[in-house]
Amino acid sequence: MTDPADAGGLDRLIAERRAKADALRERGVDPFPATYEGRRDIGDARELGEPLPPGEGSDESLRIAGRVVARRGQGKMAFLDVEDHTGRIQLWARANQIGQESMAALLDLDLGDIVGAEGPVARTRRGELSLDLRGFTLLAKALRPPPDKHHGLKDPETRYRQRYLDLMADEEVRGVFRARAAAIAAIRRFLDGRGFVEVETPSLQPLYGGAAARPFVTHHNALDRDLYLRIAPELYLKRCVVGGLDRVYELGKNFRNEGVSYKHNPEFTSLETYEAYADYRDVAAMTETMVAAAAEAATGGTTVRFRDQEIELAPPWTRLDLRESLEQASGIDVRELPEAAALRDAMRAKGYEAADTATWPQLVDGLLSSALEPDLVQPTFLLDYPVELSPFAKRRPDDPAVVERFEAFAGGMEIANAFTELNDPDDQRARFAALVAEREAGDEEAPPPDPDFLAALEYGMPPTGGLGVGIDRLVMLMTDRTSIREVVLFPAMRSEASDGRDPG
RNA sequence: GGGCCGUUAGCUCAGCUGGUAGAGCAGGGGACUUUUAAUCCCAAGGUCGCAGGUUCGAUCCCUGCACGGCCCA
């Protein structure tokens, strides 16, 4: 009973694999050797063998390495499929070519093992491009079995908790994260090409701000002070502009202590850019061009399929006035109802949810989310927001109740937020005061005032256009994933159920 | 937060409104020198998410809990 080899299930499978590793060690073979010299990509081997006709092989040997993902045949001949990041190739092994002992060792390999293999590239009589195996080396023994070779890994919980298995089992999933990297790289190229400087500002902040959200709080022992994980880098990036870094951007994680949903993860990736002497209309033009470039890099084109709809990301995007669009969609002119109570009644009369405790800005935001956002499938800029919703945006010169701000939507999601930045320190101080009042009225998401940020503005910040982009949502759009968990490698999960099952 | 659904072998899934569970793949033994989800033979593998309840008897019915998915807020 104590010998796991007598047990069933996973323990037995692990024991069998361990026994093979131990047997190798006894023969003086390290099942986890450090190097494999002279390895080429499988893609290179395939390219080399491409011209070969069936039944012929190349003259020279080469070495490849990868994971054993399939196996066919036994006895005196065997075929093993090996996969690396450039592709898959069949190993064609014959006892009379590699010897009895080597053949026995080859048949001891398990699915999931990492091997190095050497031989000429050859095409079998059936036409399959292969490595005509002359020698191989176990490079890493897999002590646990991989997911099912045909059905892959379906259980969403396991896919997220053990993403390495999901990646291992599903090339398409690997493709999502390659597309993500390509989009981000394209954004960097785009901004670098326009003279933006990439900067890194604090993730651990003494004061948080730049967005409406509850923060994570942590403690620095040596400094003996509480610090907040940033909810946005905005106020630091504007300090950079004050200092003369006229075009800056930061790509990185923000942290918001709120619930998870198909479009919310507590840590998420954002891009923020600030450009001196630009306004929000310049920023809109840059945004549509940049997103199209990212889509091109990630997908090869600017038209993407998302939730069975075609979305054209190439410029120009539709530009709509927020107030007019809201009125058209909901029949409510929020500007005519400047009191929370009146707006709440109007919303309820039209069948929209409106919480008793919601402030006026929260109600407008809620109306936007339910009446307008879901229908904004093609990329759309909503322009000119009420000042109450936008504590860091500059008022329109012709209408001080409205700020120069847009949010960009696509696929029914908000993907970007931008404004002409408020650079009048006195107005900014008044906006902070309004936030304090909102906080006292019960809005826990209203951020606190930041005196040093006000001081920075008092030194003079040029007129500036700023932008924030939700990178995860952008990637969702470009890869047709309907949940943020599909585009974040290791999404936030609850603690696992403690029922004694082995998580790995 | 609410509603619906799910949790059975390492993986993918069956399991007939109650009688102590099956398949394919993977793994083990055997056969096989051109396979492509190789094929054939043999044997093995289970705390049916967890805890209660009802019942002579529960994977199945009921309650609670945990985790997850979808929808709504």
**Asked** Quick one: is A:K20 getting a side-chain N or O under 4.0 Å of the B:rG28 phosphate, OP1 or OP2?
**Response** yes
**Message:** Applying a 4.0 Å non-hydrogen cut-off, can you work out what A:E128 is touching in the nucleic acid: base, sugar-phosphate, or nothing?
**Reply:** base
**Prompt:** Mind checking who B:rC70 pairs with, Watson-Crick or G-U wobble, both distances under 3.5 Å?
**Reply:** B:rG3
**Asked** Mind checking the P distance from B:rG68 to B:rC25? Whole angstroms is fine.
**Response** 33 Å
**Request:** Return the set of residues passing side-chain hydrogen bond (donor to acceptor under 3.5 Å, both in side chains) with A:Q90 (not counting sequence neighbours), or none when no residue passes.
**Result:** A:R72, A:S130
**Request:** Under a 3.5 Å limit for both distances, which nucleotide forms a Watson-Crick or G-U wobble pair with B:rG49, could you say?
**Result:** B:rC65
**Prompt:** Tell me: CG of A:N96 to P of B:rU34, nearest whole Å?
**Reply:** 12 Å
**Asked** Listed by chain and number, what are the ring pair (Phe, Tyr, Trp, His ring centres under 6.0 Å) partners of A:F432, not counting sequence neighbours?
**Response** A:F392
**Partner residues of A:D308 under the side chain to side chain contact (heavy atoms under 4.5 Å, CB included) criterion, sequence neighbours left out** = A:R305
**Message:** Measuring only the P atom in each nucleotide, how far is B:rC48 from B:rG19? A whole number of Å is fine.
**Reply:** 16 Å
**Asked** How far, in whole Å, is B:rA43 from B:rG30 if one measures between their P atoms?
**Response** 16 Å
**Message:** Going by side-chain hydrogen bond (donor to acceptor under 3.5 Å, both in side chains), name the residues that satisfy it together with A:R88, two or more places apart in sequence or in a different chain.
**Reply:** A:E83
**Separation of atom CE in A:M77 from atom P in B:rA31, rounded to whole Å** = 16 Å
**Asked** If you measure from the C1' atom in B:rU12 to the same atom in B:rU55, how many Å do you get, rounded?
**Response** 34 Å
Atom pairs and distances, side-chain donor-acceptor, residues 366-381 of chain A, under 3.5 Å, sequence neighbours left out:
unit_1, atom_1, unit_2, atom_2, d
A:S369, OG, A:D365, O, 3.0
A:S370, OG, A:G366, O, 2.9
A:E373, OE2, A:K263, NZ, 3.3
A:E373, OE2, A:E414, N, 3.1
A:Q378, OE1, A:E312, N, 3.0
A:Q378, NE2, A:E310, O, 2.6
A:T380, OG1, A:Q378, O, 2.8

**Message:** Between A:E327 and A:E324, is there a side-chain heavy-atom distance shorter than 4.5 Å?
**Reply:** no
**Prompt:** Does a side chain donor of either A:Q362 or A:T359 reach within less than 3.5 Å of an acceptor in the other side chain?
**Reply:** yes
**Strand partner of B:rA23, provided both Watson-Crick or wobble distances fall under 3.5 Å** = B:rU12
**Asked** If you check the A:R71 side chain, which of B:rG28, B:rC32, B:rU34 turns out closest?
**Response** B:rG28
**Message:** Measuring only the C1' atom in each nucleotide, how far is B:rA58 from B:rA21? A whole number of Å is fine.
**Reply:** 13 Å
**Item:** Close side-chain approach of A:L251 and A:I184, heavy atoms under 4.5 Å
**Value:** yes
**Asked** On the ring face of A:W92, is A:R94 found with NZ or CZ under 6.0 Å from the centre and within 45° of the axis?
**Response** yes
Could you list all N or O pairs between the protein and nucleotides 40-44 of chain B that sit under 3.5 Å apart?
unit_1, atom_1, unit_2, atom_2, d
B:rA44, O2', A:R12, NH1, 2.7

**Message:** Under 4.0 Å from OP1 or OP2 of B:rA37: is there any side-chain N or O of A:K149 that close?
**Reply:** no
**Message:** Categorize A:L165 for me: base, sugar-phosphate, or nothing, with a 4.0 angstrom heavy-atom threshold over every strand shown.
**Reply:** nothing
**Residue matched to B:rG18 through Watson-Crick or wobble contacts both under 3.5 angstrom** = none
**Message:** Counting the atoms with a prime plus P, OP1 and OP2 as sugar-phosphate, which does A:D81 contact under 4.0 Å by heavy atoms, base, sugar-phosphate, or nothing?
**Reply:** nothing
**Message:** Rounding to an integer number of angstrom, what distance separates B:rG28 and B:rG53 when you compare their C1' atoms?
**Reply:** 42 Å
**Request:** Would you mind reading off the distance between A:Q162 atom CD and B:rG10 atom P, rounded to a whole angstrom?
**Result:** 13 Å
**Request:** Mind checking side-chain hydrogen bond (donor to acceptor under 3.5 Å, both in side chains) for A:S270 and listing every partner two or more places apart, or none if nothing turns up?
**Result:** A:N254
**Contact list for RNA chain B against residues 101-122 of chain A - heavy-atom distance below 4.0 Å** = A:L111
**Message:** Using a 6.0 Å distance limit plus a 45 degree cone around the ring axis, check whether A:R63 lies over the aromatic ring of A:Y36.
**Reply:** yes
**Request:** Identify whether any heavy atom of A:G152 sits under 4.0 Å from a base atom; if not, whether one sits that close to sugar-phosphate; answer base, sugar-phosphate or nothing.
**Result:** sugar-phosphate
**Request:** Check side-chain hydrogen bond (donor to acceptor under 3.5 Å, both in side chains) between A:R323 and all other residues, then give those that pass, not counting sequence neighbours.
**Result:** A:D333
**Message:** Say we look at B:rC13 and B:rG52: how far apart would their P atoms be, to the nearest angstrom?
**Reply:** 30 Å
Are any protein N/O atoms closer than 3.5 Å to N/O atoms in nucleotides 69-72 of chain B? If there are, list each pair with its distance.
unit_1, atom_1, unit_2, atom_2, d
B:rG69, OP1, A:R485, NH1, 2.4
B:rG69, OP2, A:R485, NH1, 3.2

**Asked** Rounding to the closest angstrom, what is the interatomic distance between B:rG69 and B:rU63 at atom P?
**Response** 24 Å
**Item:** 5' precedence on RNA chain B between A:Q90 and A:T158 (nearest-nucleotide basis)
**Value:** A:T158
**Message:** Syn if the chi torsion is within 90° of 0, anti otherwise; quick check, which is B:rU20?
**Reply:** syn
**Asked** With distance as the sole test, does A:R163 use its side chain to make a donor-acceptor pair with the main-chain N or O of A:V488 at under 3.5 Å?
**Response** yes
**Request:** Could you check A:L153 against A:W92 and say which one's nearest nucleotide on RNA chain B is further toward the 5' end?
**Result:** A:L153
**Request:** Tell me whether the OP1 or OP2 atom of B:rG68 has a side-chain N or O from A:R161 closer than 4.0 Å.
**Result:** yes
**Message:** According to side chain to side chain contact (heavy atoms under 4.5 Å, CB included), who are the partners of A:E267, at least two apart in sequence or on a separate chain?
**Reply:** A:K253, A:F255, A:N265
**Asked** Less than 4.5 Å apart, any side-chain heavy atom of A:E438 and any of A:P361?
**Response** yes
**Asked** Just to confirm, is there a sub-4.0 Å distance from OP1 or OP2 of B:rG68 to any side-chain nitrogen or oxygen of A:R494?
**Response** yes
**Prompt:** Considering only heavy atoms from C-beta outward, does the side chain of A:F32 approach that of A:R25 to under 4.5 Å?
**Reply:** yes
Every protein N/O within reach of nucleotides 20-24 of chain B N/O, cut-off under 3.5 Å:
unit_1, atom_1, unit_2, atom_2, d
B:rG24, N2, A:D148, OD2, 3.3

